[in-house]
Peer 1: 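Please read through the structure below; I'll follow up with questions.
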Amino acid sequence: MAKESYDHKNIDEKWQARWREDNTYRTESDAGKEKAYVLDMFPYPSGEGLHVGHPKGYIATDVYSRHQRMQGKSVLHPMGWDAFGLPAENYALKNKVHPRLAVEKNIATFKEQLQKIGFDYDWSREINTTDPEYYHWTQWIFLKLYEHGLAFRSEEPINWCPSCMTGLANEDLDQGRCERCDTPVVKKQLPQWVLKITDYADRLLADLEHLPKWPEHIKESQRNWIGRSEGVELDFTISFKKNPADNDWRDADGKPAHFTIFTTRPDTLFGVTYVVIAPEHPWLMQALRESHDVLENGSEIRNYLDATAAKSEIERTAEGKEKTGVKLEGISVVNPINGEEIPVYVADYVLGNYGTGAVMAVPGHDERDFAFATKFGLEVKQVIAPPFKQTVEPGIFRENEPVFVNDGIICIIKHWSEDTYLALKWKKVAWGTLLTGVVDEGLSAEETVTKEIREETGYLNPKIVRKLGAVDGLFYHVPKQVNKHVHGHIFYVELENADREGIADEENEKHDIVWLTSEELKDFLTPDTHKYALDVFTHGYQPYLGEGSLMDSGAFTGRESNEAMADLAALAGGRSVTNYRLRDWVFSRQRYWGEPIPMLYCDACGVVPVPYENLPVRLPEVEHYEPTGTGESPLAAITDWVNTTCPNCKGPAKRETNTMPQWAGSSWYYLRFMDPHNDNALVSPEDEKYWSPVDVYVGGAEHATRHLIYARFWHKFLYDIKVATTIEPFTELHSVGLVIAEDGRKMSKRFGNVINPDDVVERFGADAFRVYEMFMGPFENTIAWNTSSLVGARRFLDRIYTFRNKIVPEEIAELSRSLHKTIQKVSDDIPAFRFNTAISAMMILLNDMEAAGKMGNDQWKAFLRLLAPFAPHLCEELWQLAGGTGSIHLATWPEANPALLVEDTVVIGVQVAGKRRGEITISPSASEEEAVQAALLDPGVAKALGGAKPGQIVYREGRILNLIP
RNA sequence: GCUGGGAUGGCGUAAUGGUAGCCGCGCCUGCCUUAGGAGCAGGUCCCUUCGGGGGUGGAGGUUCGAGUCCUCUUCCCAGCACCA
């Protein structure tokens, strides 16, 4: 019998109209009911319209919210438009329409597209960030931020996009380029409004711990973005050469002139060989201006600063990381840990706006300092020996405290005429080593090298060429039966000639001397410490970044670097500080299409906020809204808008002409949905209390470090001023996986591979589209669109539609277990966002239903309710045909009967020695004896046992039986 | 480089430490037909001497038993990256 194909057009339209007429999805806050606030990241209505990827998240929240509603909760599932900002304005400019008209048109298109998919949005709560009724409150929040000192004027150089002709926040950059148009940004000095998000850095970071239902990768992105690092600030006193009187100068605290540096590694203080300050360092500005000029190479430095300023951010950071800089002649600084006098450089690898703008350079243990030191021929001092552990027997280190030896030696000894090196091949153990030793009392390391070479090899004329640093070995000394912890100082030695004397027999018994090329040596050497020594010899020293035990560090030598860190810092006069990578939020845009910043400039009173009662400051209607490119906003040209009166002195004042960034309106919109038409407040305390926080929030992962940080920041501020009552706005977050095109590329007009949801809905129906998108795979996965798989979803719905003719009044017992398992599965999976497995479970149930050939009406109605969140139109139709009361979407969610979830019998696998050899069908509560008895009857099991008796039996009720002979 | 996530048939994927590959797509065989993006039935990891044997990126380990837990490693995706 051919299956029927249901008339999706008719059914979709019929029910969408009915739900609208009946206000089926009307949201009311009902104190008597539990609430569920389910939110999508509201869209930016671009001119391109939707593609099939956009609704995926909306379908998920729709399924989720419908499930919540059927569980009797009061559900808030709203939709609105984030319509201010650059994309809309650039689109308008390109198409020569006013942004307001472009936005209106785009919103109409988006809304129509969304409505065809049959979402349960309550459209009476629709909001639009460009509506003065809405941005009234965006401006209100700005005034509150200003009142609390969190919005301030700044003249610091900011990121400027020469193409969009506006300043940008750090978050608007991608690898030094404008995130919107990919143009490299430049630094530009402009008066700006800046929000002090850094005041909230600590809480933004710490409170991530209170968000267990956020995906780890989003939280990790935020942690990276905030970039907290704990360290110390240290003062390096300056000593002046030109005019010694400068050394007597004291500041207000009685301190001589100094550079304050920030470091996270005070443990490497003994390895500091110079200090570097950023080109923007304020001391430099002053020093170059001073009349007596403390620097001897002022003009050279000025040239360097000019060259740096001319570079774009990309040039400065992406120039293959080639280091540049200039030495400050005429001054030096003193290392506070040991009084050593070291030079000072200015170099642009040090950032002016992080930490103190000055660093202590430790080339031995920092890659950037190492690169700089190598290029400028500065000293590289190793103060941590890279540690290697060599366990002969596991666990041995835990039992014995190791004996520390600070002055071990490791010798790489070159042959007098050949390109080979001396190694020792041990006789009693399978070892290959270099020559080693320990410095004797009263001898220098160099004398010890000579002595050890003579004693162990007999060679008389070694010449120590150079020291190669040191390595730290922790090992078990077999002959002495003790753990040893040895700093091995590596020496490179060349033998002058073959002159040699005899050596003691005991040395001869230990090992043979072999001569190997460095290549052969690599494989020959057993200890990792010796391999490291060889590596340093062949490739040179590389900065060691890890922890380890300190060397050449005065009294600290031999202590573990992480353990000694605090003591070193204290001794050098360090002050603990925490720094953040996060920068304050540059909040001004020199563009038309945004919320006007509600501030005034009065000649008499200075900066004056617009009084609250004068909000909203409306964006004026204009004919020309093109950006000026001068750093002035287009609004500056509208004189009758700009010129106004000062609310304080009633004198003339000018309006701020910059507008807010795109992210302003979206930083608090979730609060407005709770009470969207309130003229007196952003949100009423009652509605805020009832609906807060957002229970489930769904959107793209690309917002991890932009919208989601900004919104958390504003929310915490609103919490502080008691507008919000929760510390976090979004309890649970899901990031929706992308839908890419069938060709594996991003869906884009450019590639001509865009699938339009309207077409899909037209041809296959809204329900097939919805079921397919939820069935594609795990919600967060990026998955390629596949039209033939979509046909599979449609087939599933057609089979259900056909099955309506198989419904009988009486319950079909053989289906009840299957049905109740499915109820359980779907009920668990929807809240967990495992939509794919929920649908899979319903497909399995349908297979069972078709095998049974009929189903009871009540069972059928339960099945329809399970599917209703996914396929609302078809299920509503079938629900009515089955005699359901009211809308299926207001019906009660079915409950699984636990009694029916337990099987009478189960088929479990039987293993013999861990390999599956057969299966038995028994009661899930069968005893071990019964199970074994049944298993022995299985021919496969009997054969595998070969008559042997099982010695060990592992039996897990209802799961597995494992017989081990 | 650092951090987070991942790797299972031809494809998307599924498996509280317990029979690997459920469900769907595709494909193969046959049937039916008003020839469709249709329907129905069966099949579809690899090898096999038909007894079995092997198999979840790779190598070890823990366990009666590992796709799942641990160690190392390769590759892929994402965030950050001259932030001291």
Peer 1: Among residues 828-842 of chain A, which ones have heavy-atom contacts with RNA chain B below 4.0 Å?
Peer 2: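 RNA chain B contact set from residues 828-842 of chain A: A:Asn836, A:Thr837, A:Ser840.
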Peer 1: Output the rounded distance in Å from CZ (A:Phe803) to C1' (B:C40).
Peer 2: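 Those two atoms, CZ and C1', are 16 Å apart.
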Peer 1: Tell me which nucleotide among B:A84, B:C64, B:U19 gets nearest to the side chain of A:Gln952.
Peer 2: B:C64
Peer 1: Just checking A:Asn781: base, sugar-phosphate only, or nothing, at a heavy-atom cut-off of under 4.0 Å?
Peer 2: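 Sugar-phosphate contact only.
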Peer 1: For A:His734, what residues pass the ring pair (Phe, Tyr, Trp, His ring centres under 6.0 Å) criterion, not counting sequence neighbours?
Peer 2: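 Partners of A:His734 by the ring pair (Phe, Tyr, Trp, His ring centres under 6.0 Å) criterion, ordered by chain and then number, come out as A:Phe833.
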Peer 1: Is the count of non-hydrogen atoms from other residues, nucleotides or ligands lying under 6.0 Å from A:Glu367 atom CD greater than 12?
Peer 2: no
Peer 1: Would you indicate what A:Val910 reaches in the nucleic acid, counting non-hydrogen atoms under 4.0 angstrom: base, sugar-phosphate, or nothing?
Peer 2: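 No contact.
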Peer 1: Quick check on B:G24: is either OP1 or OP2 less than 4.0 Å from any side-chain nitrogen or oxygen of A:Asn847?
Peer 2: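 Yes, such a contact exists.
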Peer 1: Side chain of A:Asn786: nearest nucleotide among B:C82, B:C25, B:A84?
Peer 2: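 Closest of the options to the side chain of A:Asn786: B:C25.
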Peer 1: How many whole angstroms separate atom NZ of A:Lys825 from atom C1' of B:C23?
Peer 2: 11 Å
Peer 1: Expressed as a whole number of Å, how far does the C1' atom of B:C45 sit from that of B:C11?
Peer 2: 14 Å
Peer 1: Pick base, sugar-phosphate or nothing for A:Arg794, based on heavy-atom distances below 4.0 Å to the nucleic acid.
Peer 2: nothing
Peer 1: When the nearest nucleotide of RNA chain B is assigned to A:Glu367 and to A:Ala793 on a heavy-atom basis, which residue is associated with the more 5' position?
Peer 2: A:Glu367
Peer 1: Taking the same atom, P, in B:A78 and in B:G39, what whole-Å distance lies between them?
Peer 2: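 Per the computed distance, 38 Å lies between those P atoms.
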Peer 1: Checking A:Glu220 now: which residues fulfil side-chain contact (heavy atoms from CB on, under 4.5 Å) with it, not counting sequence neighbours?
Peer 2: A:Glu216, A:Arg223, A:Asn224
Peer 1: Just checking A:Lys213: does its NZ atom have more than 12 heavy atoms from other residues, nucleotides or ligands closer to it than 6.0 angstrom?
Peer 2: no
Peer 1: Among the candidates B:C64, B:C82, B:G24, find the nucleotide nearest to the side-chain atoms of A:Phe775.
Peer 2: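 Nearest listed nucleotide: B:G24.
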Peer 1: Looking at A:Tyr304 and A:Pro279, what are the two nearest heavy atoms and their distance?
Peer 2: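 Closest approach of A:Tyr304 to A:Pro279, heavy atoms only: CE2-CG, 4.4 Å.
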Peer 1: Syn or anti for B:G67, please, going by whether the chi angle lies within 90° of 0.
Peer 2: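 Here B:G67 takes the anti form, which means its glycosidic angle is more than 90° from 0.
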Peer 1: Pairing donors with acceptors under 3.5 angstrom, does anything connect the side chains of A:Ser229 and A:Asn579?
Peer 2: no
Peer 1: Please determine, for the side chain of A:Asn962, which listed nucleotide (B:G65, B:A84, B:G5) has the closest atom?
Peer 2: B:G65
Peer 1: Using a heavy-atom cut-off of under 4.0 Å over every strand shown, decide if A:Gly792 touches base, sugar-phosphate, or nothing.
Peer 2: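 Answer is sugar-phosphate: A:Gly792 comes under 4.0 Å of backbone atoms only.
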Peer 1: Return all side-chain donor-acceptor pairs below 3.5 angstrom for residues 699-706 of chain A, not counting sequence neighbours, or 'none' if the list is empty.
Peer 2:
{"from": "A:Arg706", "atom 1": "NE", "to": "A:Glu171", "atom 2": "O", "distance (Å)": "2.6"}
{"from": "A:Arg706", "atom 1": "NH2", "to": "A:Glu171", "atom 2": "O", "distance (Å)": "3.2"}

Peer 1: Rounded to the nearest angstrom, tell me the gap between atom CG in A:Leu208 and atom P in B:U3.
Peer 2: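 Taking atom P of B:U3 as the reference, CG of A:Leu208 is at 18 Å.
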Peer 1: Taking the side chain of A:Pro778 as its heavy atoms from C-beta onward, which of B:A84, B:A14, B:C82 lies nearest to it?
Peer 2: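 Of the candidates, B:A14 comes closest.
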Peer 1: How would you list, by chain and number, every residue that makes a ring pair (Phe, Tyr, Trp, His ring centres under 6.0 Å) with A:Trp785, sequence neighbours excluded?
Peer 2: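 Once residues adjacent in sequence are excluded, the partners of A:Trp785 under the ring pair (Phe, Tyr, Trp, His ring centres under 6.0 Å) criterion are A:Tyr772.
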Peer 1: Heavy atoms only, 4.0 Å cut-off, all strands: where does A:Arg583 land among base, sugar-phosphate and nothing?
Peer 2: base
Peer 1: CH2 of A:Trp214 versus C1' of B:G5: gap in Å, rounded?
Peer 2: 18 Å
Peer 1: Can a salt bridge be assigned to the pair A:Asp369 and A:Lys323 using a cut-off of 4.0 Å between side-chain N and carboxylate O?
Peer 2: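 No, A:Asp369 and A:Lys323 are not salt-bridged.
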Peer 1: Among all residues two or more places apart in sequence or in another chain, which pass the side chain to side chain donor-acceptor pair (under 3.5 Å) test with A:Ser789?
Peer 2: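 A:Ser789: no side chain to side chain donor-acceptor pair (under 3.5 Å) contacts found.
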Peer 1: Please confirm whether the shortest side-chain N or O distance from A:Arg581 to OP1 or OP2 of B:A81 is below 4.0 Å.
Peer 2: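 So the side chain of A:Arg581 is within the cut-off, an N or O lying under 4.0 Å from OP1 or OP2 of B:A81.
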Peer 1: Is B:G51 syn or is it anti, if syn means the base angle is within 90 degrees of 0?
Peer 2: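 Here the answer is syn: the torsion falls within 90° of 0.
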Peer 1: So that I can tick it off, tell me whether A:Arg228 and A:Asp202 are bridged by a salt bridge, with the cut-off set at under 4.0 angstrom between side-chain N and carboxylate O.
Peer 2: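 A:Arg228 and A:Asp202: salt-bridged.
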Peer 1: Compare every heavy atom of A:His365 with every heavy atom of A:Val383, then report the nearest pair and how far apart it is.
Peer 2: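 In this case the closest contact between A:Val383 and A:His365 is N-NE2, 2.9 Å.
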Peer 1: What integer distance in Å separates A:Leu351:CG from B:C82:P?
Peer 2: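 It is 7 Å, rounded to the nearest whole Å.
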Peer 1: Assign A:Pro215 to base, sugar-phosphate, or nothing according to its heavy-atom contacts below 4.0 angstrom with the strands shown.
Peer 2: nothing
Peer 1: Report the residue (A:Leu173 or A:Ala358) whose heavy-atom-nearest nucleotide on RNA chain B is the more 5′ of the two.
Peer 2: A:Leu173
Peer 1: Atom pairs under 3.5 Å, N or O on each side, protein against nucleotides 52-54 of chain B: can you list them with distances?
Peer 2:
{"from": "B:G53", "atom 1": "OP1", "to": "A:Arg917", "atom 2": "NH1", "distance (Å)": "3.2"}
{"from": "B:G53", "atom 1": "OP1", "to": "A:Arg917", "atom 2": "NH2", "distance (Å)": "3.2"}
{"from": "B:G53", "atom 1": "OP2", "to": "A:Arg917", "atom 2": "NH1", "distance (Å)": "3.3"}

Peer 1: Using the C1' atoms only, state how far B:G55 lies from B:U8, rounded to an integer number of Å.
Peer 2: 10 Å
Peer 1: Please identify each residue that fulfils ring pair (Phe, Tyr, Trp, His ring centres under 6.0 Å) with A:Phe376, with sequence neighbours left out.
Peer 2: A:Tyr345, A:Phe372
Peer 1: Under 4.0 angstrom, heavy atoms only, what part of the nucleic acid is A:Thr787 near: base, sugar-phosphate, or nothing?
Peer 2: base
Peer 1: Starting the side chain at C-beta, find the nucleotide from B:G24, B:A84, B:C64 nearest to A:Val359.
Peer 2: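 Looking only at heavy atoms from C-beta outward on A:Val359, the closest nucleotide is B:A84.
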Peer 1: For the residue pair A:Arg794 and A:Tyr6, would you count it as a cation-pi contact if the rule is NZ or CZ under 6.0 angstrom from the ring centre and within 45 degrees of the ring axis?
Peer 2: yes
Peer 1: Should A:Arg795 be listed as having a side-chain N or O under 4.0 Å from OP1 or OP2 of B:C25?
Peer 2: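 For A:Arg795, the contact criterion (side-chain N or O under 4.0 Å from OP1 or OP2 of B:C25) is met.
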Peer 1: B:U73 and B:A84: how far apart are their C1' atoms, nearest whole angstrom?
Peer 2: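 Their C1' atoms lie roughly 31 Å apart.
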Peer 1: Extract the stems that RNA chain B is part of, considering only consecutive pairing runs of at least three Watson-Crick or G-U wobble pairs, both distances under 3.5 Å.
Peer 2: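 Consecutive-pair runs (3 or more) involving RNA chain B: B:1-7 with B:74-80, B:10-12 with B:23-25, B:26-31 with B:39-44, B:45-47 with B:52-54, B:57-61 with B:69-73.
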Peer 1: Checking A:Trp283 now: which residues fulfil ring pair (Phe, Tyr, Trp, His ring centres under 6.0 Å) with it, not counting sequence neighbours?
Peer 2: A:Phe259
Peer 1: Side-chain N or O of A:Tyr354 versus OP1/OP2 of B:A84: is the shortest distance under 4.0 Å?
Peer 2: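 The answer is yes; a side-chain N or O of A:Tyr354 sits under 4.0 Å from OP1 or OP2.
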Peer 1: Taking the side chain of A:Val954 as heavy atoms from C-beta outward, which of B:A84, B:C64, B:C82 is closest to it?
Peer 2: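 Selected nucleotide (nearest to the side chain): B:C64.
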Peer 1: State which residues pass salt bridge (charged side-chain N to carboxylate O under 4.0 Å, His left out) with A:Lys854; sequence neighbours excluded, sorted by chain then number.
Peer 2: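 Salt bridge (charged side-chain N to carboxylate O under 4.0 Å, His left out) list for A:Lys854, sorted by chain: empty.
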Peer 1: Kindly check if the number of other-residue, nucleotide or ligand heavy atoms within 6.0 Å of NZ (A:Lys375) is above 12?
Peer 2: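 Above 12, so yes.
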Peer 1: What are the atom names and distances for every N/O pair under 3.5 Å that joins the protein to nucleotides 69-79 of chain B?
Peer 2:
{"from": "B:G79", "atom 1": "N2", "to": "A:Asn224", "atom 2": "ND2", "distance (Å)": "3.2"}
{"from": "B:G79", "atom 1": "N3", "to": "A:Asn224", "atom 2": "ND2", "distance (Å)": "3.3"}

